[in-house]
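Input: a single structure, listed below in structure tokens.
Computed from a predicted structure; not experimentally measured. So that the names make sense, note that chain A is the first sequence line, chain B the second, and so on, each numbered from 1.
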Amino acid sequence: MSEPKLPTRAEDFNEWYNQLVLRAELADYAPVRGCMIVRPYGWALWENIQAALDRRFKATGHLNAAFPLLIPKSFLEREAAHVEGFSPELAVVTIGGNKELEEPLVVRPTSETVIGHAYAKWIQSYRDLPVLINQWCSVVRWELRTKLFLRTLEFFWQEGHTAHATFEEAEAETRQMLDVYTDFAVTEAALPVIPGLKSESERFAGADRTYSIEAMMGDGKALQAGTSHNLGQNFAKAFDIQFLDRDGERKFCWTTSWGLSTRIIGAIIMVHGDDQGLVLPPRLAPFQVVIVPIYKNDAERAQVMEAVVGLQRGLTASGVRVKLDTRDGLTPGFKFNDWEMRGVPLRIEIGPKDIAKRTVVLARRDRPGKEGKTCVDWDSLGAAVAATLDDIQAALLTRATAFRDANIHDVATYDDFKAAVETGFARVWWAGDAALEQQIKEETKATLRCIPLAQPGETGTCLMTGRPTPTQAIFARAY
RNA sequence: CGGGGCGUGGCUCAGCCUGGUAGAGCAUUCGCUUUGGGAGCGAAGGGUCGCAAGUUCAAAUCUUGCCGCCCCGACCA
């Protein structure tokens, strides 16, 4: 049961987040440090995310498969940048069945290596290409500092792995999946993300190019919400993924990988949540509508419940995810607050007064208090619910976009830059290198989040080098 | 992994300084009255005081080690 008060976001954004995750029953701490239990309400949200993404993966020709959890340690070592990037955070199994293993096994931190091994066996000819496979699984990275959903030792995600005959095809795939992520984030999660290219220093270990979608949280910090990598021929060469091409020549494949994790739940919380708690986008919410019946005695209860069950059946039949709150002994006021904390987009209040008029009260989560309440006839309830859910979905995106745009600052001086990253994103002309990024990071804690795909098509003066450049970059402090 | 803070019924915490055998509020269960924005009264159940050593006649309290959580750094999706 929920406690009366959550810290406000302005008071302590971190504490607001930590308490909300627990109280909304999205997740809980596990007995092992840094691990997370995803509770049914959180998992239902993840299932809706999975369904929305999986639909898009299938529509672009991908198939799901399952690759093993354990990977020979030597596999990680075959790709130089990959092992350098991942070895500090590997969990290693050295004993099996009470015996020391001949070769240690790592718990997958990501699956490029085992999948590369399989692809080398499966791919012989250009006719075998492209290979387009995705898997839903969890991976383990031994992180030092963890936070529920944002960074845990084990996290749930999907990882897509594809192999192609040419660089151009691989690049097109990489960009296509970035577009899929962008579309998912905007359409389903109402997250106005910025798709862009990562700088060399932020690139995935083993990739030639890394793209990401970056989102702005409610405190102005950035969160990488999904990534898509063009791996070039790096893994193909490390795992000998070759094919015989039309021209009779043996060539290395071009591979990609792309992933999106339960971290996106953290983004949804921190972008849409308010001081009352979660605000879930209708398209992903486990419950889109909660019905709170109101009554004073058994006679009223019977009367109200009869009406409520009918209304619920109608809504469910039209495809709306409805929760009926039948808990006894709790006041309506308590239930209102409880479901608001859990982020249900729309609430139906129905009591004796409504029964008499054959109406209900509809309350929108995105508009607090009386302002968000309307009175609706039973006959038009289905249409009103559908329309209002759509409206909430759109309103969340509009609000988040306005917030983001108001907190992206175009800056031309380093002083303005420092001020900008205190509260939001800094957008700058950029011709710098990894050393300058490092310097900026040390001095301001801000990192180059991405070079947005959408560029102004003009030239400007680089913030640090003073050189003319056609490129703008986004810097921010990040989770 | 470095610096700081904190671990006492499910939750928030008091008690620790000055050792003497564990408390409050909320939550839970039961009963009655309540129920349109976080209900009231009454009763009941629930704690090897994070774990392990040590000091002591006696440890929640003192000492040491370990574990975990939170915050700040470095690392990262």
Using 4.0 Å as the upper bound for N to carboxylate O, is an ion pair formed by Arg9(A) and Asp274(A)?
no
Report the distance from atom CZ of Phe13(A) to atom P of rC71(B), rounded to the nearest whole Å.
13 Å
Pairing partner of rG36(B) (Watson-Crick or G-U wobble, both distances under 3.5 Å):
none
Whole-Å distance separating the OH atom of Tyr479(A) from the C1' atom of rC71(B):
13 Å
So which one's nearest nucleotide on RNA chain B is more toward 5', Lys353(A) or Lys445(A)?
Lys353(A)
For Asn297(A), does the CG atom sit with more than 12 other heavy atoms under 6.0 Å from it, leaving out its own atoms?
yes
Could I get a table of every N or O pair under 3.5 Å where one atom is in the protein and the other is in nucleotides 66-69 of chain B?
residue: rC69(B); atom: OP1; partner: Gly34(A); partner atom: N; Å: 2.8

SB check Glu188(A) Arg56(A) (cutoff 4.0 Å):
yes
CD of Gln438(A): more than 12 outside heavy atoms within 6.0 angstrom?
yes
Spacing of the C1' atoms in rC41(B) and rG37(B) (rounded, Å)
23 Å
Please state the P separation for the pair rA60(B) and rG20(B) - nearest whole angstrom.
9 Å
Arg477(A)/Glu422(A) ion pair, N-O < 4.0 Å:
yes
How is Val361(A) classified with respect to the nucleic acid when contacts are heavy atoms under 4.0 Å: base, sugar-phosphate, or nothing?
base
Can you see if the side chain of Lys147(A) gets near the phosphate of rC71(B) - specifically, an N or O under 4.0 Å from OP1 or OP2?
yes
Indicate, with a heavy-atom threshold strictly under 4.0 Å, whether Glu340(A) touches base, sugar-phosphate, or nothing.
base
Who does rC69(B) pair with, Watson-Crick or G-U, both distances under 3.5 Å?
rG5(B)
To the nearest angstrom, how far is Ile348(A) atom CD1 from rG36(B) atom C1'?
15 Å
Once the angle between the rings of Phe155(A) and Trp157(A) is folded into 0 to 90°, is it parallel (under 30°), tilted (30 to 60°) or perpendicular (over 60°)?
perpendicular
Find the partner of rU29(B): check Watson-Crick (N1-N3 plus N6-O4 or O6-N4) and G-U wobble (N1-O2, O6-N3) distances, both under 3.5 Å, and reply none if neither fits.
rA43(B)
N/O-N/O pairs, protein side and nucleotides 30-35 of chain B side, under 3.5 Å:
residue: rU35(B); atom: O2'; partner: Tyr295(A); partner atom: O; Å: 3.3

If you measure from the P atom in rC69(B) to the same atom in rU64(B), how many Å do you get, rounded?
23 Å
NA contact type, Lys441(A), heavy-atom cut-off 4.0 Å: base, sugar-phosphate, or nothing?
sugar-phosphate
Rounded interatomic separation in angstrom, taking CG from Asn14(A) and C1' from rC71(B):
8 Å
Could you work out the separation of rG10(B) and rG45(B) based on their C1' atoms and round it to a whole Å?
13 Å
Is Arg203(A) salt-bridged to Asp208(A), going by a charged N under 4.0 Å from an acidic O?
no
Remember a base hit wins even if backbone is also touched, and classify Leu223(A) as base, sugar-phosphate or nothing at under 4.0 Å, heavy atoms.
nothing
Taking only side-chain N and O atoms of Arg347(A), does any of them lie within less than 4.0 angstrom of OP1 or OP2 on rG37(B)?
no
Does a side-chain N-to-carboxylate-O contact under 4.0 Å join Glu349(A) and Lys373(A)?
yes
I'd like to know whether CD of Glu443(A) has more than 12 heavy-atom contacts from other residues, nucleotides or ligands below 6.0 angstrom.
yes
Are any of Lys357(A)'s side-chain N or O atoms less than 4.0 Å away from OP1 or OP2 of rG36(B)?
no
Base, sugar-phosphate or nothing for Phe155(A)? Non-hydrogen atoms, less than 4.0 Å.
base
Which part of the nucleic acid does Glu349(A) contact within heavy-atom distance under 4.0 Å: base, sugar-phosphate only, or nothing?
base
Result for 5'-nearest mapping on RNA chain B, choosing between Phe204(A) and Glu15(A), is Glu15(A)
rG19(B): pairing nucleotide in any strand, Watson-Crick or G-U under 3.5 angstrom:
none
Sticking with atom P, work out how far rU18(B) lies from rG4(B), rounded to a whole angstrom.
23 Å
Taking the minimum atom-to-atom distance to the side chain of Phe334(A), which one of rC71(B), rG36(B), rG38(B) wins?
rG38(B)
Pairwise P distance, rG38(B) and rA27(B) [rounded to whole Å]:
14 Å
Calculate the interatomic distance between Tyr17(A) atom OH and rC70(B) atom P; express it in whole Å.
11 Å
Sidechain N-carboxylate O distance under 4.0 Å for Lys73(A), Glu77(A)
yes
Under the 3.5 Å rule, do the base of rG38(B) and the side chain of Asp338(A) count as making a donor-acceptor pair?
no
In this structure, how many angstroms lie between the P atom of rG36(B) and the CZ atom of Phe336(A), rounded?
8 Å
With sugar-phosphate meaning primed atoms plus P, OP1 and OP2, does Thr152(A) contact a base, only sugar-phosphate, or nothing at under 4.0 Å between heavy atoms?
base
Does a salt bridge link Glu25(A) with Arg23(A), judged by any charged N lying under 4.0 Å from a carboxylate O?
no
Using a distance-only criterion (donor-acceptor N/O pair, under 3.5 Å, no hydrogens), is the base of rG36(B) paired with the side chain of Glu300(A)?
no
Could you identify the nucleotide paired to rA14(B), looking across every strand shown and requiring Watson-Crick or G-U wobble geometry with both distances under 3.5 Å?
none
Taken to the nearest whole Å, CD/Gln19(A) to C1'/rG10(B) is 15 Å
In the structure shown, which nucleotide is the Watson-Crick or G-U wobble counterpart of rU56(B), with both distances under 3.5 Å?
none
Looking at rG36(B), rC1(B), rC72(B), which one has an atom nearest to any side-chain atom of Leu144(A)?
rC1(B)
Just how far, in rounded Å, is P of rG36(B) from NZ of Lys373(A)?
11 Å
Between rC11(B) and rC49(B), how far apart are the two P atoms, rounded to whole Å?
16 Å
Would you kindly check whether a donor in the side chain of Lys335(A) faces an acceptor in the base of rG36(B), or vice versa, at under 3.5 angstrom?
no
Heavy atoms from C-beta onward define the side chain here; which of rC72(B), rC71(B), rG36(B) lies closest to that of Arg145(A)?
rC72(B)
Compute whether any side-chain donor of one residue and acceptor of the other, for His62(A) and Glu173(A), lie under 3.5 angstrom apart.
yes
Determine the Euclidean distance between corresponding C1' atoms of rA24(B) and rC70(B); express it in Å to zero decimal places.
25 Å
Could you let me know what rU61(B) is paired to, Watson-Crick or G-U wobble, both distances under 3.5 Å, or none if it's on its own?
none
Asp179(A)/Arg175(A) ion pair, N-O < 4.0 Å:
no
Identify whether any heavy atom of Ser261(A) sits under 4.0 Å from a base atom; if not, whether one sits that close to sugar-phosphate; answer base, sugar-phosphate or nothing.
base
Could I get the full list of side-chain hydrogen bond (donor to acceptor under 3.5 Å, both in side chains) partners for Lys198(A), not counting sequence neighbours?
Glu214(A), Gln224(A)
